[in-house]
S.K.: 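I have a structure here, written as structure tokens, and I will follow up with some questions on it.
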Amino acid sequence: MLPQIKLINDHLVIPVKHPGKLRTLFPFVKEARVGEQIYCALPHTLDVAKVLNNLGLKVPSPIRTKYRWSGNFAPRWYQTDTAEFFTLNNRCHCHNAPRTGKTLSALWGSDYLRKTKEVRRVLIVAPLSTLWDVWEQNIFEHFPMRTFAVLHGSREKRLKLLAQPHDYYIINHHGVGIIEKELRKRTDIDLVIVDEVAEFFNCKTSTMWKPLNEVLNRHGILRRAWGMTGTPTPEGRPTDAFGQCKLITPENYSRHFTAFKRETMLQVNTFRWVPRRGSEQIVHKALQPAIRFERSVCSDMEPCLIERRAELSAEQTKHYKALLRAAATEIQGSAVTAVNAAVLISKLIQTVCGVIYGADKSILKIDFGPRLKVLKELIAQNNEKVIVFAPFTGVLHTLADALQQKPNSETQGWSVAVVEGDTTPKKRTEIFRAFRSAKDPHVIVAHPQCMAHGLDLTAASLIVWYAPIYANKIYEQACARIDGSRQEAKIDIAHIYACPEERKIYNALRDKKKMQDVVLNLIRGGGL
């Protein structure tokens with residue numbers, strides 16, 4: 001049975017039978033005998049708390065009592081537990097479910113370490129779509145005294161920003177390789193937070209894993225590293241844990257990838273491997289220390305808005321500019337024209353979606369890889385089912401095809417159903433029933449007008465708007481499909497956008513502004 005540790009006057013008071021071990025570890029320990037019981041008193045510092053926790057004693061981090069939680073609101077209990085966990089572990093994994101507030105927990109933990117001089121500067125490595133709307137925004141809103149820089153753009157721009165003395169540097173996964181040598185030399189960056197660390201499952205990639213490994217684990221520089229992902233093995237492969245282990249806690253497994261694969265997976269035939277029985281324990285051991293909170297801890301919270309920026313591809317940028325300049329462009333030999341402001345807005349939205357209707361009603365597809373990547377990230381990071389809304393029928397089928405798991409494919413995919421105007425009532429009923437009660441489909445891709453009043457789709461916890469619509473009422477009703485008395489998980493609404501003008505349309509939908517005025521203002525402003 002663990003001793004009952006009390007916190008008195010900023011000291012940890014521990015009842016012990018034999019104080020010799022504590023005296024060896026802490027020569028400054030104070031001892032007192034009360035009757036037959038011996039008590040040891042130690043200052044409540046982070047170093048003392050770490051050592052005692054390593055000895056198996058449950059000791060709180062000083063962040064609980066000595067840190068003034070920065071920001072506009074107090075942390076929830078599970079965020080406090082997570083921030084405490086970060087401060088007690090130099091290298092660790094956070095597997096909290098998506099949207100449980102682990103971003104702020106990591107920032108609170110790092111801010112406390114900076115205030116105690118344990119950390120000087122922090123590098124945040126995150127997916128491109130989260131650099132601004134997640135990390136930059138949270139630092140700006142909740143840590144007004146901290147400086148930060150988003151290292152994005154040309155190599156020269158990144159290096160210029162890196163040379164500036166900021167508290168936080170934020171960079172995308174692939175960006176580390178662009179300025180790897182310069183990051184390695186920055187000995188003052190002693191904490192690296194890796195968001196969506198599961199993306200680094202492949203330890204052979206020279207553009208992602210190897211550069212980050214050089215920064216974290218080579219050249220004799222001791223850096224803290226916190227890996228964060230709600231889905232450590234999103235595709236069910238135990239081997240996905242290997243790259244994460246070698247980045248964050250390499251001491252947990254000393255052998256090579258082939259050995260790890262043979263320990264965790266069984267070869268069925270030449271091309272197929274399946275998880276071995278008991279592989280979960282090997283993965284669990286490799287990804288330690290770790291913390292995990294399910295989404296159920298925050299199911300009473302209001303729906304959370306998630307904004308994700310997707311860059312336009314070169315092809316999208318070309319046609320977008322042409323439409324703005326001349327209200328016309330040509331794609332694959334077909335003319336695309338906009339005869340009035342409303343049509344122009346529609347064509348611009350089609351362009352950012354990557355699927356455009358030609359003058360002859362043909363469907364023309366252009367490169368929409370960056371936006372699709374953001375959509376896949378959102379689906380992969382969500383444990384429950386997902387509904388994706390898109391305003392055009394051609395977009396629905398294109399997305400469904402891009403999201404579905406292909407036979408013999410190594411890339412992640414999902415079971416997808418499409419609901420559009422031509423979907424018969426019988427077919428819709430079958431899709432909705434299966435969505436509520438069966439494993440498949442995991443994703444419904446739908447036109448928002450097809451989601452009727454009163455329809456219960458609470459099997460989903462996330463709605464993703466692939467692009468905005470122009471009807472406030474339809475937007476409100478569509479978002480309500482996953483919010484009901486049967487909902488057991490925290491629900492979220494995600495907006496994917498490519499430019500500030502798209503965000504203005506989303507904001508108008510949320511604030512129930514008159515859409516006609518918004519559209520006219522955007523046209524007058526010369527943008528979408």
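If you read the sequence from its start, that first residue is 1, and numbering goes on from there.
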S.K.: With salt bridge (charged side-chain N to carboxylate O under 4.0 Å, His left out) as the test, would you mind laying out the steps for R371 and E502 before giving the verdict?
M.R.: CA-CA 13 Å; R371 204 176 187 98; E502 251 186 304; 2.6 Å; yes
S.K.: Anything under 3.5 Å between a donor and an acceptor, one on a side chain of residues 105-114, the other on a protein residue two or more places apart or in another chain? List them.
M.R.:
{"residue": "S105", "atom": "OG", "partner": "Q79", "partner atom": "O", "Å": "3.1"}
{"residue": "S105", "atom": "OG", "partner": "G101", "partner atom": "O", "Å": "3.2"}
{"residue": "W108", "atom": "NE1", "partner": "S70", "partner atom": "O", "Å": "2.7"}
{"residue": "S110", "atom": "OG", "partner": "A106", "partner atom": "O", "Å": "3.2"}
{"residue": "S110", "atom": "OG", "partner": "L107", "partner atom": "O", "Å": "2.9"}
{"residue": "S110", "atom": "OG", "partner": "Y168", "partner atom": "OH", "Å": "2.7"}
{"residue": "D111", "atom": "OD1", "partner": "R146", "partner atom": "NE", "Å": "2.6"}
{"residue": "D111", "atom": "OD1", "partner": "R146", "partner atom": "NH2", "Å": "3.0"}
{"residue": "D111", "atom": "OD2", "partner": "Y67", "partner atom": "OH", "Å": "2.6"}
{"residue": "R114", "atom": "NE", "partner": "R120", "partner atom": "O", "Å": "2.8"}
{"residue": "R114", "atom": "NH2", "partner": "R120", "partner atom": "O", "Å": "3.0"}
{"residue": "R114", "atom": "NH2", "partner": "D167", "partner atom": "OD1", "Å": "2.9"}

S.K.: Find out whether Y475 and I493 are in side-chain contact, i.e. whether some heavy atom of one side chain is under 4.5 Å from a heavy atom of the other.
M.R.: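 Sidechains of I493 and Y475: in contact.
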S.K.: Nearest heavy-atom pair of Q316 and T351: which atoms, and what distance?
M.R.: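 Closest pair (atom of Q316, atom of T351, distance): NE2-O, 3.0 Å.
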S.K.: K376 versus K373: any side-chain heavy-atom pair under 4.5 Å?
M.R.: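 Sidechains of K373 and K376: no contact.
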S.K.: List the atom of G421, the atom of R428, and the distance in Å for their closest heavy-atom pair.
M.R.: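 Minimum heavy-atom contact is O-NH2, 3.5 Å.
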S.K.: Name every donor-acceptor pair, under 3.5 Å, that has one atom in a side chain of residues 148-157 and the other anywhere in the protein, sequence neighbours excluded.
M.R.:
{"residue": "H152", "atom": "NE2", "partner": "E311", "partner atom": "OE2", "Å": "3.3"}
{"residue": "S154", "atom": "OG", "partner": "K157", "partner atom": "N", "Å": "3.1"}
{"residue": "R155", "atom": "NH1", "partner": "I178", "partner atom": "O", "Å": "2.6"}
{"residue": "R155", "atom": "NH2", "partner": "E182", "partner atom": "OE2", "Å": "2.9"}

S.K.: Keeping to residues at least two apart or across chains, list the salt bridge (Lys or Arg N to Asp or Glu O under 4.0 Å) pairs with something in residues 350-359.
M.R.: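 As it turns out, there is no salt bridge (Lys or Arg N to Asp or Glu O under 4.0 Å) pair with a partner in residues 350-359 once direct neighbours are skipped.
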S.K.: Check for a donor-acceptor pair, side chain of Y357 on one end and backbone N or O of G394 on the other, with a separation under 3.5 Å.
M.R.: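 Checked: pair present.
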S.K.: Looking at Y320, is its backbone amide N or carbonyl O close enough to the side chain of R325 to form a donor-acceptor pair, meaning the two atoms are under 3.5 Å apart?
M.R.: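 Checked: no pair found.
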S.K.: So that I can tick it off, tell me whether R292 and E294 are bridged by a salt bridge, with the cut-off set at under 4.0 angstrom between side-chain N and carboxylate O.
M.R.: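 A salt bridge is present here (some side-chain N lies under 4.0 Å from a carboxylate O).
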S.K.: Please assess T82 against F86 for the test side chain to side chain contact (heavy atoms under 4.5 Å, CB included), listing each intermediate value before the final yes or no.
M.R.: CA-CA 6 Å; T82 303; F86 280 135; 3.6 Å; yes
S.K.: Are F73 and H142 close enough that their ring centres sit under 6.0 Å apart?
M.R.: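 Ring-ring flag for F73/H142: true, centres closer than 6.0 Å.
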S.K.: Using a 3.5 Å distance criterion without hydrogens, assess whether the side chain of N138 forms a donor-acceptor pair with backbone atoms of L104.
M.R.: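 No: the side chain of N138 does not pair with the backbone of L104.
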S.K.: For I387 and L462, what are the C-alpha separation, side-chain angles and deciding distance, and is it a side chain to side chain contact (heavy atoms under 4.5 Å, CB included)?
M.R.: CA-CA 6 Å; I387 298 174; L462 172 66; over 6 Å; no
S.K.: Examine distances only and state if a side-chain atom of W209 and a backbone atom of G243 form a donor-acceptor pair shorter than 3.5 Å.
M.R.: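 At least one qualifying donor-acceptor pair exists.
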S.K.: Rounded to the nearest 0.5 Å, what's the gap from CZ on F432 to CD1 on I444? Could you check?
M.R.: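 Between F432 CZ and I444 CD1, I get 5.5 Å after rounding to 0.5 Å.
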S.K.: Determine the minimum heavy-atom distance between I248 and C92, stating which atoms define it.
M.R.: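 For I248 versus C92, the nearest heavy atoms are CG2-O, 3.3 Å.
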S.K.: Do H495 and R308 come within less than 4.5 Å of each other through their side chains, counting heavy atoms only?
M.R.: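 No, side chains not in contact.
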S.K.: Do C245 and L247 come close enough that some side-chain heavy atom pair is under 4.5 Å?
M.R.: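 Result no, sub-4.5 Å side-chain heavy-atom pair not found.
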S.K.: Tell me if a side-chain donor or acceptor on E196 pairs with a main-chain N or O of P127 at a distance below 3.5 Å.
M.R.: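 No: the side chain of E196 does not pair with the backbone of P127.
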S.K.: Check the pair T231 / N383 against side-chain hydrogen bond (donor to acceptor under 3.5 Å, both in side chains), numbers first and verdict last.
M.R.: CA-CA 8 Å; T231 51; N383 293 333; 5.8 Å; no
S.K.: Checking S313 side chain against D367 main chain: does a donor-acceptor pair fall under 3.5 Å?
M.R.: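 Flag set: sc S313 to bb D367 pair under 3.5 Å.
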S.K.: Are side-chain heavy atoms of I366 and H319 found at a separation under 4.5 Å?
M.R.: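 The answer is yes; the side chains approach within 4.5 Å.
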S.K.: Quick one: does NZ or CZ of R237 land under 6.0 Å from the six-membered ring centre of F201, within 45 degrees of the ring axis?
M.R.: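 That pair qualifies as a cation-pi contact.
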S.K.: Could you walk me through whether S129 and E377 pass the side-chain hydrogen bond (donor to acceptor under 3.5 Å, both in side chains) test, one step at a time?
M.R.: CA-CA 9 Å; S129 62; E377 287 174 356; 2.9 Å; yes
S.K.: Can you measure from CZ (F392) to CG (L396) and round to the nearest 0.5 angstrom?
M.R.: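 One finds 10.5 Å between CZ of F392 and CG of L396.
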S.K.: Are the side chains of N202 and D240 in touch, meaning some heavy atoms are under 4.5 Å apart?
M.R.: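 Sidechains of D240 and N202: no contact.
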S.K.: Over all heavy atoms of both residues, which pair between L216 and A225 is shortest? Give the atoms and the distance, please.
M.R.: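 Heavy-atom minimum between the residues: CD2-CB, 3.9 Å.
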S.K.: Side chains of T103 and D195: do they bring a donor and an acceptor to under 3.5 Å?
M.R.: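 The answer is no; no qualifying pair exists.
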S.K.: Report the C-alpha separation of V215 and R186 in whole Å, then their side-chain angles, then the decisive distance to 0.1 Å, and conclude whether the side chain to side chain contact (heavy atoms under 4.5 Å, CB included) test is met.
M.R.: CA-CA 9 Å; V215 174; R186 290 293 297 271; over 6 Å; no
S.K.: Could you tell me if H397 and E420 have a donor-acceptor pair between their side chains, going purely by distance under 3.5 Å?
M.R.: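 Yes, a side-chain donor-acceptor pair sits under 3.5 Å.
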S.K.: Kindly say whether V443 contributes a backbone atom to a donor-acceptor pair with the side chain of K385 at under 3.5 angstrom?
M.R.: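 Absent.
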S.K.: With a 3.5 Å distance limit and no angle check, can you tell me whether T130 reaches the backbone of V134 through a side-chain donor-acceptor pair?
M.R.: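 Absent.
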S.K.: Would you confirm whether the ring centroid of W132 sits within less than 6.0 angstrom of the ring centroid of F140?
M.R.: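 No, the ring of F140 stays outside the 6.0 Å limit from the ring of W132, centre to centre.
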S.K.: Between the side chains of T80 and E84, is a donor N or O closer than 3.5 angstrom to an acceptor N or O?
M.R.: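 No.
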S.K.: Under the criterion ring pair (Phe, Tyr, Trp, His ring centres under 6.0 Å), I'd like the reasoning laid out for H173 against F200: C-alpha separation, chi angles, the key distance, then a yes or no.
M.R.: CA-CA 9 Å; H173 288 168; F200 293 87; 4.7 Å; yes
S.K.: Tell me whether the rings of W414 and H442 are parallel (<30°), tilted (30 to 60°) or perpendicular (>60°).
M.R.: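 The arrangement is parallel - the two ring planes meet at less than 30°.
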S.K.: Say whether, by atom type as modelled, one donor and one acceptor occur between the side chain of N507 and the main chain of R503 under 3.5 angstrom.
M.R.: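 Flag set: sc N507 to bb R503 pair under 3.5 Å.
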S.K.: Using atom types as modelled and distance alone, determine if a side-chain donor or acceptor of Y466 lies under 3.5 Å from a backbone N or O of C353.
M.R.: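 Judged by distance alone, yes, a pair lies under 3.5 Å.
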S.K.: Are the aromatic rings of W465 and F389 close, with centres under 6.0 Å apart?
M.R.: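 So the answer is yes for these two rings.
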S.K.: Determine the interplanar angle of the H166 and Y169 rings, folded into 0 to 90°, and report it as parallel if under 30°, tilted if 30 to 60°, perpendicular if over 60°.
M.R.: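 Plane angle over 60°, so perpendicular.
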S.K.: Are the side chains of L123 and I171 in touch, meaning some heavy atoms are under 4.5 Å apart?
M.R.: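 Counting from C-beta outward, L123 and I171 do come under 4.5 Å.
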S.K.: If you take all heavy atoms of I496 and A310, which pair is closest and at what distance?
M.R.: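 Closest heavy-atom pair between I496 and A310: CG2-CB, 4.0 Å.
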S.K.: Mind listing the closest non-hydrogen atom pair of P232 and A198 along with its distance?
M.R.: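 That closest heavy-atom pairing would be O-CB, 4.0 Å.
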S.K.: Taking atom CD1 of I189 and atom CG of L162, what is their separation to the nearest 0.5 Å?
M.R.: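 Here the interatomic distance stands at 5.5 Å.
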S.K.: Evaluate the criterion side chain to side chain contact (heavy atoms under 4.5 Å, CB included) for residue pair M228 and V194; output intermediate values, then yes/no.
M.R.: CA-CA 6 Å; M228 305 199 311; V194 188; over 6 Å; no
S.K.: Is there side-chain contact between N382 and S461, with heavy atoms separated by less than 4.5 Å?
M.R.: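 Answer yes - side chains close enough.
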